[in-house]
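Working notes, structure below.
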Amino acid sequence: MSTLVQVGHVDHPSGATSPSPYLTRRQTAAYLNVSEKWLAQSGRTSGPHFHKFGNHCRYHLDDIHQWARQQRVKL
């Protein structure tokens, strides 16, 4: 069974929504197909960069993609 990940959306006062470039830890873990625990533990050492908004960690899509490109293994 596969899990679909919806990239975050921001609700605006006008009622319109626009895609948010910031993902929660849960969304990021699902997007990368890793556990939330691994993402939390590796965040400061080897995982993708994240931003702190109050007590909340958010991962920018550009940072996720950049980190993923750096994980490529050359044989």
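Since the structure is predicted, the reported quantities are computational estimates derived from the model, not experimental observations. The first residue in the sequence is number 1, and the count goes up from there.
For His65, the ring pair (Phe, Tyr, Trp, His ring centres under 6.0 Å) criterion is met by Tyr31, not counting sequence neighbours. Listed by chain and residue number, nothing satisfies the ring pair (Phe, Tyr, Trp, His ring centres under 6.0 Å) test with His49 (two or more places apart in sequence, or in another chain).
Going from atom CD1 of Ile64 over to atom OG1 of Thr28 covers 4.0 Å, rounded to the nearest 0.5 Å. Summarising the geometry, atom OG belonging to Ser46 is positioned 11.5 Å from atom CD belonging to Gln70; distances are rounded to the nearest 0.5 Å. Distance check, rounded to the nearest 0.5 Å: CZ of Arg58 to OG1 of Thr24 gives 6.0 Å.
The two residues Leu32 and Pro48 make their nearest non-hydrogen contact at CD1-CG, 4.3 Å. Contact record, Arg25 with Leu39: O-CD2, 3.6 Å, taken as the closest heavy-atom pair. Closest approach of Leu23 and Gln27 over heavy atoms only: CA-OE1, 3.3 Å.
Sorted by first and then second residue, the salt bridge (charged side-chain N to carboxylate O under 4.0 Å, His left out) pairs involving residues 30-40 (not counting sequence neighbours) are Arg26-Glu36.
Ring pair Tyr22/His51 is perpendicular by interplanar angle, where above 60° counts as perpendicular and below 30° as parallel.
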